[in-house]
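Note sheet for the following structure.
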Amino acid sequence: MMLGRRKRETVRTEEQALLEDLFAAKSQLDDARRKFDYVTEPEMVASCIYQMHALQERYSYLLSRVREQELTGALRWRG
């Protein structure tokens, strides 16, 4: 009986980690977009675009994992 409880706790911990990764990726993406608004040098513009693309891909991947695991209800409280 304890084994089942530990497994559920592990699953919850993994779900929490996934959601935390998703929120962190969203925050990093927002930061990269703000930075893009202020850079003027062509090299920095290119760097920001590259970074935003990479972060958007990561965010999309994590969001699809959250949807697969049906954790979308947890997204409402974080906005």
Side-chain angles (χ1 to χ4, degrees):
M1 193 163 197
M2 287 295 287
L3 181 62
R5 182 176 180 195
R6 284 189 181 161
K7 186 173 182 175
R8 279 193 306 270
E9 289 174 358
T10 301
V11 169
R12 286 188 189 129
T13 302
E14 290 171 0
E15 290 172 348
Q16 288 173 330
L18 178 59
L19 289 171
E20 288 172 6
D21 286 348
L22 177 70
F23 298 137
K26 176 70 167 100
S27 178
Q28 291 169 354
L29 182 57
D30 291 343
D31 290 344
R33 287 179 176 153
R34 278 191 291 277
K35 182 178 178 181
F36 176 78
D37 289 338
Y38 292 100
V39 297
T40 57
E41 296 182 20
E43 294 86 3
M44 291 303 297
V45 170
S47 174
C48 286
I49 291 170
Y50 179 80
Q51 183 181 26
M52 286 188 305
H53 180 71
L55 289 166
Q56 181 63 52
E57 290 297 318
R58 177 168 172 71
Y59 179 76
S60 295
Y61 166 74
L62 292 169
L63 186 58
S64 69
R65 295 258 332 267
V66 165
R67 287 178 176 156
E68 285 173 7
Q69 294 186 21
E70 299 178 353
L71 300 176
T72 53
L75 296 178
R76 291 189 194 110
W77 64 269
R78 285 292 295 256

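Values in this document were obtained by computation on a predicted structure and should not be read as measured data.
To the nearest 0.5 Å, atoms CZ (Phe23) and CG (Leu18) are separated by 9.5 Å.
A search for side-chain contact (heavy atoms from CB on, under 4.5 Å) contacts involving Phe36 returns Val45, Cys48, Ile49, Met52, not counting sequence neighbours. Every residue two or more places apart in sequence or in another chain that forms a side-chain contact (heavy atoms from CB on, under 4.5 Å) with Gln28 is listed here: Leu55.
Here side-chain hydrogen bond (donor to acceptor under 3.5 Å, both in side chains) pairs that include residues 30-44, with residues two or more places apart or in two chains, are Lys26-Asp30, Asp31-Arg34, Arg33-Gln56.
Note on Tyr50: it does not cluster hydrophobically with Leu29, by side-chain heavy-atom contacts below 4.5 Å among ILVMFWY residues. Clustering ILVMFWY residues whenever any of their side-chain heavy atoms sit less than 4.5 angstrom apart, transitively, puts Tyr59 in the very cluster that holds Val66.
Scanning all heavy atoms of the two residues, the minimum distance from Leu62 to Asp21 falls at CD1-O, 3.5 Å.
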